[in-house]
Amino acid sequence: MGRGKIEIKKIENQTARQVTFSKRRTGLIKKTRELSILCDAHIGLIVFSATGKLSEFCSEQNRMPQLIDRYLHTNGLRLPDHHDDQEQLHHEMELLRRETCNLELRLRPFHGHDLASIPPNELDGLERQLEHSVLKVRERKNELMQQQLENLSRKRRMLEEDNNNMYRWLHEHHAAMEFQQAGIDTKPGEYQQFIEQLQCYKPGEYQQFLEQQQQQPNSVLQLATLPSEIDPTYNLQLAQPNLQNDPTAQND
């Protein structure tokens with residue numbers, strides 16, 4: 001039986017990853033050496049592990065720099081030489097230093113320095129630039145303040161909505177507890193109808209509603225205790241058949 005196909009992905013276990021790297025690095029160097037001997041190829045192999053450890057192989061011993069130079073020359077590239085670029089770096093640094101000094105001198109009038117040596121026409125231009133800058137700063141400030149106000153207004157609406165939902169839930173929960181404590185027997189659909197009616201009441205009105213419900217009878221025993229409006233002198237008698245119209249009664 002052959003080995004199963006290994007999925008090519010990062011090995012999460014650090015120990016297994018290090019063991020796999022060591023084994024495969026050895027096999028890679030072995031195959032590289034065989035390829036250079038069999039085909040007379042010039043091969044340079046550079047490997048950095050996850051910990052930064054360097055492993056290299058070159059088909060020609062101690063000739064890795066020459067092989068890298070050959071690679072760069074073939075691709076039209078060249079490693080920078082510090083001795084050749086030193087003069088150019090000094091020239092670029094000098095140009096940057098001069099430009100920085102010029103910018104600092106141009107910024108001094110904006111900070112209120114050396115204004116006595118500036119002609120009136122340049123002072124007018126400086127004033128216009130400052131006014132334009134102040135206008136831009138003020139516009140940006142107003143824009144940021146407007147955004148903050150919109151965000152705060154949005155948060156306020158969200159908090160008010162959450163507060164109303166919480167208040168409604170507490171209102172219904174408290175009313176339901178009082179509804180049950182009052183001893184009101186409910187049918188499957190009556191409780192939901194009660195909650196729907198309760199949502200229409202303002203805070204404090206549900207107490208009056210419960211008092212009205214308590215005054216109404218909720219059982220057969222309470223119906224029996226209610227004062228009767230029937231006249232006590234009125235007697236009920238069982239219904240009797242009409243003897244005059246009964247033919248069997250005449251025969252008797």
Quick check: does any side chain N or O of S36 sit under 3.5 Å from a backbone N or O of D40, one acting as donor and the other as acceptor?
no
Interatomic distance, K53 atom NZ to F21 atom CZ [nearest 0.5 angstrom]
8.5 Å
Take atom OH in Y71; do more than 12 heavy atoms of anything else shown fall under 6.0 Å from it?
no
Charged N to carboxylate O under 4.0 angstrom, R98 versus E94?
yes
Connecting only ILVMFWY residues whose side-chain heavy atoms lie within less than 4.5 Å of each other, what is the rest of L170's hydrophobic cluster?
M166, W169
Measuring from atom CE of M145 to atom CG of L152, what distance do you get when rounded to the nearest 0.5 angstrom?
10.5 Å
Give, for atom CE of M93 and atom CG of L95, the distance between the pair rounded to the nearest 0.5 Å.
11.0 Å
Measuring only between side-chain heavy atoms, which start at C-beta, is T15 closer than 4.5 Å to Q18?
no
Looking at R70, I'd like to know if its CZ atom is crowded, meaning that more than 12 non-hydrogen atoms belonging to other residues, nucleotides or ligands lie closer than 6.0 Å.
no
How is the hydrophobic cluster of L38 composed, in terms of its other members, when Ile, Leu, Val, Met, Phe, Trp and Tyr link through side-chain heavy atoms under 4.5 Å apart, directly or indirectly?
none
For Q14, look at atom CD and say whether over 12 heavy atoms of other residues, nucleotides or ligands are found less than 6.0 Å away.
no
Side chains of R17 and K10: closer than 4.5 Å at any heavy-atom pair?
yes
Salt bridge (Lys or Arg N to Asp or Glu O under 4.0 Å) for R140 and E143? Distances and angles first, verdict last.
CA-CA 5 Å; R140 179 58 179 170; E143 181 180 356; 3.5 Å; yes
With no hydrogens and no angle check, is any side-chain donor or acceptor of N142 less than 3.5 Å from a backbone partner on R138?
yes
The remaining residues in the hydrophobic cluster of V19, counting side-chain heavy-atom contacts under 4.5 Å among Ile, Leu, Val, Met, Phe, Trp and Tyr, are none
What pairs with R63 under salt bridge (Lys or Arg N to Asp or Glu O under 4.0 Å), at least two apart in sequence or on another chain?
E60
Donor-acceptor pairs under 3.5 angstrom involving side-chain atoms of residues 25-35: please list them, not counting sequence neighbours.
| residue | atom | partner | partner atom | Å |
| --- | --- | --- | --- | --- |
| R25 | NH1 | S55 | OG | 3.2 |
| T26 | OG1 | S22 | O | 2.9 |
| T32 | OG1 | L28 | O | 2.7 |

If you draw a 6.0 Å radius around CD in E99, do more than 12 non-hydrogen atoms from other residues or ligands fall strictly inside?
no
Hey, what do you get for OG (S153) to CE (M158), rounding to the nearest 0.5 Å?
11.5 Å
Hey, is the main chain of Q129 close enough, under 3.5 Å, to the side chain of S133 for a donor-acceptor pair?
yes
Spacing of K141 atom NZ and Q146 atom CD [to the nearest 0.5 Å]:
14.0 Å
Charged N to carboxylate O under 4.0 angstrom, R157 versus E160?
no
Residues clustering with L67 (ILVMFWY side chains joined when closer than 4.5 Å, directly or via others):
none
Identify the heavy atoms of A16 and I11 that sit nearest to each other, and give their distance.
CB-CG2, 4.0 Å
Note, H73 side chain near D69 side chain (heavy atom, < 4.5 Å)
no
Check: Q147 and L144 side chains under 4.5 Å, non-hydrogen atoms
yes
Rounded to the nearest 0.5 Å, what's the gap from CG on L103 to CG on L105? Could you check?
9.0 Å
Between M64 and I46, which heavy-atom pair has the shortest distance, and what is it?
CE-CG1, 4.2 Å
